[in-house]
Amino acid sequence: MFGNFLHLKYQFRTNGNWRYPGFVRALPGKENRQPPGPEPVSRDAAAADQRRRILEATAELIAEQGYQETTMEEIVRRAKVGYATFYKHYPDKEAAFLALLDAATDRTVGRVEDAYKREEGPWTDRVGAALGVLFEDVAAHPAAARAALVEAVAAVPEAAAKHEAALKRLAPLLRPGRELNPRQAELPESLEETLAGGIVWVLGQRLIAGEADKLRALLPETLEFVLRPYVGEDEAAREAGEVADAISA
Amino acid sequence: MPAEELGPLPAGRHGFSREQVAHHQRERLIAGLAEAVAEKGYAAVTLTDIVKHAKVSRRVFYANFESKEQCFLAAFEVVLDHLNALVAEAVDGVEGWPQQAIAATRAVLTFLAAEPDLARLCLVESRGAGPAVTARFNEAVGEMAPLLRLGRAERPEAERLPDSTEDSTIGSLVSLAHRKVAAGEAKQLGDLLPDCVELVLLPYLGPAEAARHAREQA
């Protein structure tokens with residue numbers, strides 16, 4: 001195993017150039033942090049790369065077999081790092097899992113919030129833009145999404161709390177919709193978090209079924225579901241229809 | 001019935017057949033697991049905890065189950081069966097889909113509120129008890145879909161609802177109940193009845209009717 005590791009290590013450094021190996025797929029912010037070209041490997045960059053590999057391996061393994069069943073041994077083997085490297089970054093499996101949740105949540109919820117803020121149209125358009133980015137991100141990173149949306153719920157209490165906190169961050173994007181409803185005073189207090197829970201459930205079910213590629217088609221339906229309590233069924237169906245047309249165009 | 005109340009199995013000769021004893025032992029183990037899970041959470045529960053609560057030997061455990069996960073699955077099935085029976089009983093003789101949906105929702109919430117440990121087992125612990133339990137959880141929750149789907153016949157507008165309507169509605173309900181139980185407020189699950197009723201009825205009856213039914217449950 002050690003020989004294998006050395007082999008890989010040198011393979012990346014051919015001609016003295018450092019490139020991220022192909023199997024390290026994008027984790028949060030990778031695009032921005034990736035060195036643009038041949039650059040010396042700094043200690044920080046190497047450490048960041050190790051963490052990325054560890055989190056990526058953790059996400060994949062947990063997506064494949066669940067949190068409880070995933071062992072440290074499998075993580076270090078998949079990440080192609082040694083135990084010492086793992087422990088340099090994280091004290092245990094739980095810490096790596098929690099770091100993964102933070103990274104995945106910050107990336108995705110951050111992008112969703114940005115999309116909501118950037119869209120200047122009416123509230124329904126802003127929600128549509130935000131939901132579109134959420135679905136896109138989940139489809140692009142199914143393993144990390146599954147860890148955050150499905151496994152986090154019951155893996156360890158702290159993970160469940162992070163899952164909750166992420167759901168709560170979506171609520172403020174939906175809440176302004178109340179002003180569009182003439183009966184806003186009667187809407188259930190829990191509506192926003194409950195709708196967010198419904199979205200997460202639908203996404204989670206598709207991830208469990210291994211159908212991340214079918215999320216696009218589900219977007220208009222989910223948007224309709226989310227808008228319905230605020231703007232009524234006709235308006236919600238109209239908005240969903242526009243999004244469906246835009247997708248198929 | 002909690003294993004505690006059953007006391008130890010009578011030693012020596014008794015009038016039970018071998019099958020009766022085996023069935024009894026299985027039930028004790030299931031009750032023992034439920035108690036142990038309530039005490040420290042599924043992840044921390046050991047085989048020793050289960051057999052201690054059940055007051056049977058490890059050998060008996062292995063005669064009935066291959067693993068802790070399998071025992072959990074059996075406990076989960078017992079609760080699901082019971083919930084199904086309660087729902088069937090609640091909707092029996094009730095006229096009209098909306099009233100049936102309300103009766104079923106009320107039956108589930110009432111039972112889970114009265115049995116907070118089982119509510120936790122079903123809604124929280126089950127989510128982290130391994131792939132087999134997760135699969136069963138999703139399947140069991142999915143079984144609610146056909147009951148909801150009947151609501152599409154209530155109005156012409158409901159017939160053209162998107163395919164995933166049942167899925168997202170169920171997901172909202174599960175999320176709502178899960179949050180309550182995870183917060184340690186399982187006993188107050190009954191408070192969610194109006195919100196749940198509104199969520200369930202909204203796509204099928206429209207906002208105004210759904211809100212009216214919800215208010216009646218408050």
Side-chain angles (χ1 to χ4, degrees), chain A residues 64-69 94 150-157 159-161 163-164 167-168 181-183 186-191 193-206 208-209 214 217-226 228-234 236-237 240-241 244, chain B residues 41-44 68-69 123-135 137-138 141-142 155 157-158 160-180 182-183 191-192 194-199 202-208 210-212 214-215 218:
Chain A
E64 287 163 21
Q65 54 191 26
Y67 175 78
Q68 306 293 350
E69 284 69 24
E94 182 175 333
V150 182
E151 301 296 334
V153 178
V156 283
H163 177 90
E164 274 310 290
L167 280 188
K168 281 206 165 73
N181 187 325
R183 311 178 3 259
E186 297 165 28
L187 290 173
E189 189 46 43
S190 59
L191 182 63
E193 278 174 53
T194 303
L195 291 175
I199 299 170
V200 165
W201 173 265
V202 169
L203 289 172
Q205 293 302 301
R206 294 280 73 77
I208 290 170
K214 294 195 185 145
L218 204 59
L219 176 61
E221 300 188 6
T222 310
L223 180 64
E224 183 172 346
F225 166 76
V226 171
R228 192 184 291 124
Y230 299 103
V231 300
E233 37 195 348
D234 296 339
Chain B
Y42 176 78
K68 175 173 107 164
E69 185 181 3
L123 286 164
V124 179
E125 300 292 345
S126 63
R127 313 286 289 271
V133 181
T134 304
F137 180 89
N138 290 324
V141 168
R155 275 188 319 158
E157 295 93 320
R160 55 134 217 93
L161 284 168
D163 272 349
S164 60
T165 302
E166 283 75 23
D167 241 10
S168 35
T169 303
I170 289 167
S172 313
L173 290 171
V174 171
S175 158
L176 186 59
H178 175 267
R179 235 173 307 131
K180 196 82 172 167
D191 300 350
L192 297 180
D195 287 7
C196 286
V197 163
E198 183 155 358
L199 269 172
L202 182 75
Y204 307 102
L205 304 186
R212 188 181 65 77
R215 272 197 305 276

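Below, chains carry the letters A, B, ... as their sequence lines are ordered, and counting in each starts from 1.
- Within the 4.5 angstrom heavy-atom criterion, no atom of A:Y67 approaches chain B.
- In this structure, no portion of A:P220 lies under 4.5 Å from any heavy atom of chain B.
- Taking a cutoff of 4.0 Å between a charged side-chain nitrogen and a carboxylate oxygen, A:E221 and A:R206 do not qualify as a salt bridge.
- Looking at B:Y42 and B:E69, their side chains never bring a donor and an acceptor atom within 3.5 Å of each other.
- The distance from the OG1 atom of A:T194 to the CG atom of B:D195 is 7.0 Å, given to the nearest 0.5 Å.
- If you tally non-hydrogen atom pairs under 4.5 Å between each of A:G232, A:S190, A:A240, A:G66 and chain B, the highest count goes to A:S190.
- Only the side chain of B:L199 comes within less than 4.5 Å of a heavy atom in chain A; its backbone stays farther off.
- Heavy atoms of A:Q205 lying under 4.5 Å from chain B belong exclusively to its side chain.
- Contact of the A:V200 side chain with the A:H163 side chain is registered, since non-hydrogen atoms from C-beta on lie closer than 4.5 Å.
- Within the 4.5 angstrom heavy-atom criterion, atoms from both the backbone and the side chain of A:E233 approach chain B.
- Residue A:I199 does not touch chain B at all, counting heavy-atom pairs closer than 4.5 Å.
- Contact of B:P203 with chain A is made through backbone and side chain together, with heavy-atom distances under 4.5 Å.
- For the options B:P162, B:A135, B:A208, heavy-atom pairs under 4.5 Å to chain A are most numerous at B:P162.
- In this structure, CD in B:E198 is found 12.0 Å from OG in B:S172, a value given to the nearest 0.5 Å.
- Interface remark: A:Q65 contributes backbone atoms only to the contact with chain B (heavy atom separation under 4.5 Å).
- A:E224 and B:R160 are joined by a salt bridge, as a carboxylate oxygen and a charged side-chain nitrogen come within less than 4.0 angstrom of each other.
- When the candidates B:T134, B:D163, B:V174 are compared by the number of heavy-atom contacts under 4.5 Å with chain A, B:D163 comes out ahead.
- Separation of atoms CZ (B:R179) and CG (B:L192) is listed at 9.0 Å; rounding is to 0.5 Å.
- Between the side chain of B:R127 and the backbone N or O of B:H178, no donor-acceptor pair lies under 3.5 Å.
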